[in-house]
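Everything below concerns the one structure shown next.
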2 protein chains.
Amino acid sequence: MDLIEIFKALGDENRIRILNLLIRQELCVCEIETVLDMTQSNASRHLNKLKTSGIITSEKKSQWVYYRVDNKFIEENNLLYEFIKNKMAENTQLLRDIETLKKYKNSNFTCEQLREDKSQVLKYLREQCNNN
Amino acid sequence: MDLIEIFKALGDENRIRILNLLIRQELCVCEIETVLDMTQSNASRHLNKLKTSGIITSEKKSQWVYYRVDNKFIEENNLLYEFIKNKMAENTQLLRDIETLKKYKNSNFTCEQLREDKSQVLKYLREQCNNN
DNA sequence: TATATATATGAGTATAATTGAATATAATCA
DNA sequence: TGATTATATTCAATTATACTCATATATATA
């Protein structure tokens with residue numbers, strides 16, 4: 001049942017956190033990895049689960065793979081999609097993640113810098129977020 | 001996260017089948033057990049999971065425990081609830097379950113009869129459903 | 001009170017999901 | 001081409017879920 005696969009995909013904290021970011025904007029794996037502070041393989045796996053259940057889709061741009069919410073999913077599951085967005089707006093953890101995403105985007109760190117010194121970027125993001 | 005517990009509870013075929021029935025009407029454990037042809041302990045466990053996640057509620061009436069969708073859940077998660085109902089109406093398995101429920105109700109079998117000869121009741125329900 | 005019964009729960013097992021570390025793959029760039 | 005890198009995948013370990021059978025609990029009834 002499609003319905004059940006969707007609910008299974010949504011029934012995991014890491015995947016909800018990823019989806020929360022992707023609802024804001026499309027992102028590549030290394031960005032998600034950084035903002036949510038999870039391992040690369042874990043991010044990739046969760047993205048795959050969201051993709052297999054039809055919630056998100058991906059596009060390869062040179063060496064990066066960009067993920068975004070699938071428009072087909074939004075159309076076909078609009079009530080669910082609106083529900084998710086509403087509930088996400090009430091959740092502190094998810095709001096914090098959005099703040100981290102904003103800080104990350106404002107920092108103008110690139111995927112190249114992430115590669116060179118990820119720990120510095122993470123430190124920067126934590127400091128910025130603690131200032132709020 | 002509440003949200004995740006709800007999705008976890010919904011991410012299981014047996015629980016979706018149970019919820020599908022309860023959306024129609026409140027039912028006791030032995031009725032669910034019979035209509036969905038599952039073991040008593042399994043039905044009870046799934047009902048408990050739906051209950052702890054806040055989707056359904058229960059009321060004990062003499063020796064029976066009646067389960068129904070929690071009104072609080074409907075109010076607080078209305079978009080999700082409407083989504084679920086819409087999707088359920090598109091699913092053949094779930095529509096078949098509703099037919100079985102109707103047959104069961106029309107048969108006027110009681111919980112007492114179920115206890116005495118459950119196999120007869122199951123046979124009857126299967127025959128009735130195959131006629132459609 | 002003794003018996004029957006509706007439901008819940010415990011124990012054990014089987015299956016599935018999640019994870020990190022290591023490796024494979026595919027694209028880029030020097 | 002060879003080195004680097006972004007992402008995916010495999011492996012092995014752990015943890016969580018689901019299921020069945022047996023038993024406990026609470027209620028009803030003779």
Side-chain angles (χ1 to χ4, degrees), chain A residues 1 4-19 22 26-53 56-68 109-118 121, chain B residues 1 4-19 22 26-53 56-68 109-118 121:
Chain A
M1 237 185 273
I4 288 163
E5 288 313 306
I6 290 173
F7 286 139
K8 271 190 185 155
L10 295 173
D12 177 272
E13 181 167 354
N14 281 321
R15 288 192 291 271
I16 285 287
R17 290 180 72 197
I18 290 174
L19 183 59
L22 294 181
E26 75 168 20
L27 294 165
C28 70
V29 183
C30 72
E31 291 172 320
I32 291 166
E33 201 186 316
T34 306
V35 173
L36 300 184
D37 195 13
M38 57 172 73
T39 64
Q40 182 272 322
S41 78
N42 212 16
S44 176
R45 262 192 290 244
H46 284 305
L47 283 161
N48 186 255
K49 180 109 185 182
L50 286 168
K51 192 179 169 182
T52 325
S53 66
I56 65 176
T57 182
S58 68
E59 188 184 354
K60 189 153 193 169
K61 296 179 186 175
S62 82
Q63 72 264 53
W64 293 282
V65 178
Y66 282 84
Y67 286 90
R68 62 167 166 278
F109 279 125
T110 61
C111 287
E112 281 75 13
Q113 284 170 282
L114 284 177
R115 173 204 317 147
E116 278 154 26
D117 193 355
K118 189 172 161 180
V121 178
Chain B
M1 238 185 274
I4 288 164
E5 288 312 306
I6 290 172
F7 287 138
K8 273 191 184 154
L10 295 172
D12 177 273
E13 181 168 353
N14 280 322
R15 287 192 291 270
I16 285 287
R17 291 179 72 198
I18 290 174
L19 183 59
L22 294 181
E26 75 167 22
L27 293 165
C28 69
V29 182
C30 72
E31 291 172 318
I32 291 166
E33 199 187 319
T34 305
V35 173
L36 300 184
D37 196 13
M38 58 173 69
T39 64
Q40 182 271 320
S41 81
N42 210 18
S44 176
R45 268 173 227 280
H46 284 306
L47 283 161
N48 186 253
K49 181 114 185 177
L50 286 169
K51 191 179 168 181
T52 37
S53 67
I56 64 175
T57 183
S58 67
E59 188 184 354
K60 187 152 192 170
K61 296 180 186 174
S62 82
Q63 72 262 55
W64 292 282
V65 177
Y66 282 85
Y67 286 90
R68 62 167 167 276
F109 280 126
T110 61
C111 288
E112 281 77 13
Q113 283 169 286
L114 285 176
R115 171 203 319 147
E116 276 154 24
D117 192 355
K118 190 172 161 179
V121 178

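All chains are named by letter (A, B, ...) in the order of the sequence lines, taking the proteins before the strands, and each is independently numbered beginning at 1. All of these numbers come straight from a predicted model, not from anything done at the bench.
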Tabulate below the donor-acceptor pairs under 3.5 Å that side-chain atoms of residues 11-18 of chain B make, not counting sequence neighbours, or state none.
unit_1: Asp12(B); atom_1: OD1; unit_2: Asn14(B); atom_2: N; d: 3.0
unit_1: Asp12(B); atom_1: OD1; unit_2: Arg15(B); atom_2: N; d: 3.1
unit_1: Arg15(B); atom_1: NE; unit_2: Ala9(B); atom_2: O; d: 2.8
unit_1: Arg15(B); atom_1: NH1; unit_2: His46(B); atom_2: ND1; d: 3.1
unit_1: Arg15(B); atom_1: NH2; unit_2: Lys8(B); atom_2: O; d: 3.3
unit_1: Arg17(B); atom_1: NE; unit_2: Asp97(B); atom_2: OD2; d: 2.7
unit_1: Arg17(B); atom_1: NH2; unit_2: Asp97(B); atom_2: OD1; d: 3.0

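Taking each heavy atom of Met38(B) and Ala43(B) in turn, the nearest pair found is SD-CA, 3.7 Å. In plain terms, the two heavy atoms of Thr34(A) and Cys30(A) that are nearest each other are OG1-O, 2.7 Å. Of all the heavy atoms in Asn48(A) and Thr52(A), the pair that sits closest is O-OG1, 2.5 Å. Nearest heavy atoms, Tyr66(A) versus Cys28(A): CD2-N, 3.7 Å.
Taking Glu26(A) as the reference, Lys61(A), Arg68(A) meet the side chain to side chain donor-acceptor pair (under 3.5 Å) condition, with sequence neighbours excluded. Taking the side-chain contact (heavy atoms from CB on, under 4.5 Å) definition, one finds that Val65(A) meets it with Ser58(A), Lys60(A), Tyr67(A), sequence neighbours left out. Partners of Ser41(A) under the side chain to side chain donor-acceptor pair (under 3.5 Å) rule, at least two apart in sequence or in another chain, are Arg45(A).
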Distances under 3.5 Å only, N/O to N/O: pair up the protein atoms with those of nucleotides 17-20 of chain C.
unit_1: dT18(C); atom_1: OP1; unit_2: Asp12(A); atom_2: OD2; d: 3.2
unit_1: dT18(C); atom_1: OP1; unit_2: Arg15(A); atom_2: NH2; d: 3.2
unit_1: dT18(C); atom_1: OP2; unit_2: Arg15(A); atom_2: NH1; d: 3.3
unit_1: dT19(C); atom_1: OP1; unit_2: Asn14(A); atom_2: ND2; d: 2.8
unit_1: dT19(C); atom_1: OP2; unit_2: Asn42(A); atom_2: OD1; d: 3.1
unit_1: dT19(C); atom_1: OP2; unit_2: Asn42(A); atom_2: ND2; d: 3.4
unit_1: dT19(C); atom_1: OP2; unit_2: His46(A); atom_2: NE2; d: 2.4
unit_1: dG20(C); atom_1: OP2; unit_2: Thr39(A); atom_2: OG1; d: 3.1
unit_1: dG20(C); atom_1: N7; unit_2: Arg45(A); atom_2: NH2; d: 2.6
unit_1: dG20(C); atom_1: O6; unit_2: Arg45(A); atom_2: NH1; d: 2.5
unit_1: dG20(C); atom_1: O6; unit_2: Arg45(A); atom_2: NH2; d: 3.2

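One interatomic measurement links the two molecules: CZ of Arg17(B) to P of dC19(D), which rounds to 11 Å at whole-angstrom precision. Going from atom CD of Glu31(B) over to atom C1' of dT7(C) covers 14 Å, rounded to whole Å. Distance CG (Asp37(B)) to P (dT20(D)): 10 Å, rounded to an integer number of Å. The separation between Leu50(B) atom CG and dA18(D) atom P is 11 Å, rounded to whole Å. At whole-Å resolution of the value, CG in Asn48(A) and C1' in dT7(D) are 11 Å apart. Atom CG of Leu27(A) is separated from atom P of dT7(D) by 11 Å (rounded to the nearest Å). Look at CD1 on Ile4(A): it is 15 Å from P on dA16(C), rounded to the nearest Å. When the C1' atom of dA6(D) is taken as reference, atom CD1 of Ile32(A) falls 13 Å away, rounded to whole Å.
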Which letter, B, S or -, goes with each nucleotide of nucleotides 23-30 of chain D from 5' to 3', with contact meaning a protein heavy atom under 4.0 Å?
---SSS--
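dA30(D) is paired with dT1(C) under the criterion used here, namely a Watson-Crick or G-U wobble arrangement in which both key atom distances are under 3.5 Å.
Distances shown here put every side-chain N or O of Tyr67(A) at or beyond 4.0 Å from the OP1 or OP2 atom of dA6(D).
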Go through the steps to decide whether Leu10(B) and Leu10(A) satisfy the test side chain to side chain contact (heavy atoms under 4.5 Å, CB included), and finish with yes or no.
CA-CA 10 Å; Leu10(B) 295 172; Leu10(A) 295 173; over 6 Å; no
